[in-house]
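Contents: one structure, followed by commentary.
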There are 4 protein chains.
Amino acid sequence: MKSSTPLAPRRKPRQSRAQVTCDAIITATAQILVKDGYDAASTNHVARVAGVSVGSVYQYFSSKEALVMAVMERYRAEGLTDLEEGMARLSGATLREALRLLIRQVLAKKAENPRLHQVLVEQLPRMRQLQQVDPYAVRMLRLVRDFLQPHAREVRPKDLDMAAFIIFNTVESLTHVALSSRPDYLTREAYVDELCALVLGYLQPTRESVRRPPARTSRTRTAATRKSRSARNR
Amino acid sequence: MKSSTPLAPRRKPRQSRAQVTCDAIITATAQILVKDGYDAASTNHVARVAGVSVGSVYQYFSSKEALVMAVMERYRAEGLTDLEEGMARLSGATLREALRLLIRQVLAKKAENPRLHQVLVEQLPRMRQLQQVDPYAVRMLRLVRDFLQPHAREVRPKDLDMAAFIIFNTVESLTHVALSSRPDYLTREAYVDELCALVLGYLQPTRESVRRPPARTSRTRTAATRKSRSARNR
Amino acid sequence: MKSSTPLAPRRKPRQSRAQVTCDAIITATAQILVKDGYDAASTNHVARVAGVSVGSVYQYFSSKEALVMAVMERYRAEGLTDLEEGMARLSGATLREALRLLIRQVLAKKAENPRLHQVLVEQLPRMRQLQQVDPYAVRMLRLVRDFLQPHAREVRPKDLDMAAFIIFNTVESLTHVALSSRPDYLTREAYVDELCALVLGYLQPTRESVRRPPARTSRTRTAATRKSRSARNR
Amino acid sequence: MKSSTPLAPRRKPRQSRAQVTCDAIITATAQILVKDGYDAASTNHVARVAGVSVGSVYQYFSSKEALVMAVMERYRAEGLTDLEEGMARLSGATLREALRLLIRQVLAKKAENPRLHQVLVEQLPRMRQLQQVDPYAVRMLRLVRDFLQPHAREVRPKDLDMAAFIIFNTVESLTHVALSSRPDYLTREAYVDELCALVLGYLQPTRESVRRPPARTSRTRTAATRKSRSARNR
DNA sequence: GATGAATGAGAATTCATTCAT
DNA sequence: GATGAATGAATTCTCATTCAT
């Protein structure tokens, strides 16, 4: 349908005024994506909103796709940075604590600008057809894997790459799908609990992994919990 | 952008000839979606492939969206039926066995026509904007919930609706994402194992839920594992 | 720069109203080419002048080039037919007489619509890049060759294909160039004389080939002419 | 369409550095014309290839047309000089010898850079619309006329201006058309022979003008030929 | 019911040209 | 003199949709 044009920005602006223009264009694109969706983000519309001429848009972006790509890039770079920082702050936390923090962060990030998130995720497959590899996804997975690595022995899955893939995508998807079809879940602490239970139950199926607040002596607690649950379910 | 037209087929054709035409149109649309993607599925193209005139397409479908919607409807109806039948065949199976069967079925279904699945999933959000509620999703969730209900006492989550939501979307998403970015996973039994572990670990976190074939001496081994892990975590 | 699109008309119109539209489009294109030149013949402009929508233009012609091609085709078909008819009327004429008639006809044809002729000739090379072979040119040359064939023994050149090529292009070019840079020549009988002299001198260098009116007994006349000319040149 | 801007270079650069820039621009234009054709020769592209900014291009050339014009000018000036030199070397040669040399030279010149020649010839008409008179053509014709002048008495045509026009354009056109549609002819000595025959037959129709090497006993053979032909024609 | 010709708004993209720095 | 960012009119072409036959 479309000959594959390179999606990378066309030229790196050298003069500062060019940088301003370039930023304005990306920002305008994001705005339109949020307000009116992908189809409304025509290059002319973007130019108009950015307060520049179409020509300027094409000076920096070789196509409409490149434009969306740039927004995506920016958004995902943020996500990556956030996650990196989040993880940096995690030293000393238990796996359970760490997971809860990270899941909460992912939810918060997406809830921050749900519309943009939504539109970008919807366009991802389209972009992937054009870009063979998705360096962002690769780095994200690596991050999760590196997070799991030190816990390798406490954790059931042997294939940490697959585990990272599963965990990352589970959290992403469940956040995303809640966002679009059960927004009420996003504000319910129970949902976070369940996500944590899901991931922890996957990583450490023999532990009781859901009760909050975290107990001190895991062995005893587990036994207790198990008993009490049987009681409840009776 | 677009005035919201009703997406239901325009007329239920009563004559069998008309039914044939209508089917041909849906089939043609599906074909094109699979072969060339959403953008290529122009109404004229569909008409040509279906061997009818554009006029006839508009006789049965009020818009392009209605067309895609019909394909989606058909595809999802199949999925629903499959799941219903799958569940019907489940009587007597343990939760673990049942889950494995169902997960395998979902994977198989999607792998059957990955391209169509992909395109339709990509278009889902677009459709959702037009249809506020997604009756298919509702029924799917109900099905999963009804499946969980009899196991309510063996299972940790108390909010079975949320559990159904989480399980259903987890399996769907992980199948989908594997399809598009890790097709190799689809053929690896280990991936099915992990999905089962994920869901079972969520539903029954205190049980050992992954080893295959299912261990007979689970209690002992579980205890042992638990001990060694506690040791490590100390 | 441009991926090579097929230049043949897109669809043969089946309904008569379509034929009307199609003709109107070609006629409008020709008009614009004549009045404003190639660059002005934008598809929108053509549509406007033809009194149809751009969409209709693209229904029948796959690109702007196809449009010009159609005009060319029509114009050249006329030229071919004219030449065929002209030759049919030639039975019994001597080579000299025949040539004079044909040359006069070519000149007349081009003078008939000089502007159109000019524009089309200018665009020929562009079209040739798109169409590998030029069937019209082939047929024209064959026509000239077939005209020479019966005279093969009266005529000096042995390679009749090359002779046809040379004669045809000489007459064409000299007509064309006169048209664009010496329009005064077109109305001067002397110019026709010279063209005849050129071609005849090429075909039959030993004959005296220019004097008008045609003499009866060629042998005597030739001798006489030769003598008188020497006298003049003295 | 376009307001008629003067086509002469904007400023004659006096500083040598500027001259270098100016040359670089013309050379770049020529290069692009050769490699990618007229449409690809955008001013920005030219600037990039020339290693200057668009602004600099417009410092020296008032428009894109002026740019192409400059290339044309340069190319044609070469042609003119070549012809002048060629003629200067001709003293003592017979008309026949002279013609053969000149024709060969024209062919060689065009074959030297066929692509450039082609592009420029295609653009000639466009340029002519802007420049009413073509001083180059005028000078070329004068040159040919001056060449004919001394032979005025050996030569049939009396209107030497028209003769120059015809000869010049015949040779030019037949070279050009061979270049673009019968490149094989360019390397065949027979083609040169035929061109010579054409021109000589035009200038001196009573002489035998084609046999090569030039016959010494032309009178006898000519007579013989004439006889046999008359016989055939009888 | 069916056809397919016609529509036309609107999309992406280019490129000659200007002008502030 | 030189730069290159910015311009924006203009162009090609598509496609969902309508409606006369």
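These values consider heavy atoms only, across backbone and side chains, with no hydrogens, waters or symmetry-generated copies.
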On the nucleotide F/dA6, are OP1 or OP2 found under 4.0 Å from the side-chain N or O atoms that A/Tyr60 carries? yes
Selection from E/dG1, F/dC13, F/dA2 that lies nearest to any side-chain heavy atom of B/Gln59: E/dG1
Distance check needed: E/dG1 P versus B/Gln19 CD, whole Å only. 11 Å
So, is A/Ser56 close to the F/dT7 phosphate, meaning a side-chain N or O under 4.0 Å from OP1 or OP2? yes
Does a side-chain N-to-carboxylate-O contact under 4.0 Å join A/Arg115 and A/Asp36? no
Residue-phosphate contact under 4.0 Å: C/Tyr58 side-chain N/O, F/dC13 OP1/OP2: yes
Atom-to-atom span, OH of B/Tyr38 to P of F/dA16 - whole angstrom: 8 Å
A/Phe61 has an atom CZ; how far is it from atom P of F/dA6, in whole Å? 12 Å
Testing the basics here: between B/Ser56 and B/Ile25, what is the closest heavy-atom pair and its distance to 0.1 Å? O-CD1, 4.2 Å
Whole angstroms only, please: what is the CG-P distance between D/Asp39 and E/dC15? 8 Å
Would you kindly give the CD1-to-P distance between B/Ile32 and F/dA16, to the nearest whole Å? 11 Å
Provide, to the nearest angstrom, the distance between the CD1 atom belonging to D/Ile25 and the P atom belonging to E/dT17. 14 Å
Compare every heavy atom of B/Lys64 with every heavy atom of B/Asp39, then report the nearest pair and how far apart it is. O-NZ, 4.5 Å
Using whole Å, report how far CD of D/Glu65 lies from C1' of E/dA16. 9 Å
Tell me, with the steps shown, if C/Arg76 and C/Leu124 meet side chain to side chain contact (heavy atoms under 4.5 Å, CB included). CA-CA 11 Å; C/Arg76 301 177 99 193; C/Leu124 248 185; 3.8 Å; yes
If each of D/Val52 and A/Val54 is mapped to the nucleotide of DNA chain F with the nearest heavy atom, which maps nearer the 5' terminus, i.e. the 5' end? D/Val52
Given atom CG of B/Leu67 and atom C1' of F/dT17, what is their separation to the nearest angstrom? 13 Å
Select base, sugar-phosphate, or nothing to describe what C/Ser42 touches, counting heavy atoms under 4.0 Å on all strands. sugar-phosphate
Of all the choices, E/dA12, E/dA6, F/dT17, which nucleotide is nearest to the side chain of A/Thr43 once you look at every atom? E/dA12
On the nucleotide F/dG4, are OP1 or OP2 found under 4.0 Å from the side-chain N or O atoms that D/Ser53 carries? no
How do C/Ala41 and A/Gly55 order along DNA chain F: which one's closest nucleotide is nearer the 5' end? A/Gly55
The reported gap from CD in C/Glu65 to OH in C/Tyr38 (rounded to nearest 0.5 angstrom) is 4.5 Å
Nearest non-hydrogen partners of B/Val71 and B/Ile26, listed with the distance: CG2-O, 3.7 Å
Walking DNA chain E from its 5' end, the first of B/Thr21 and D/Lys64 to be reached, judged by nearest nucleotide, is B/Thr21
Residue B/Asn44, side-chain heavy atoms: nucleotide from F/dA16, E/dG1, F/dT12 that is nearest: F/dA16
With a 3.5 Å limit on both atom pairs, tell me what F/dA20 is paired to, counting Watson-Crick and G-U wobble, or say none. E/dT3
Say you pick atom P in F/dT21 and the same atom in E/dG1; how far apart are they, in whole Å? 22 Å
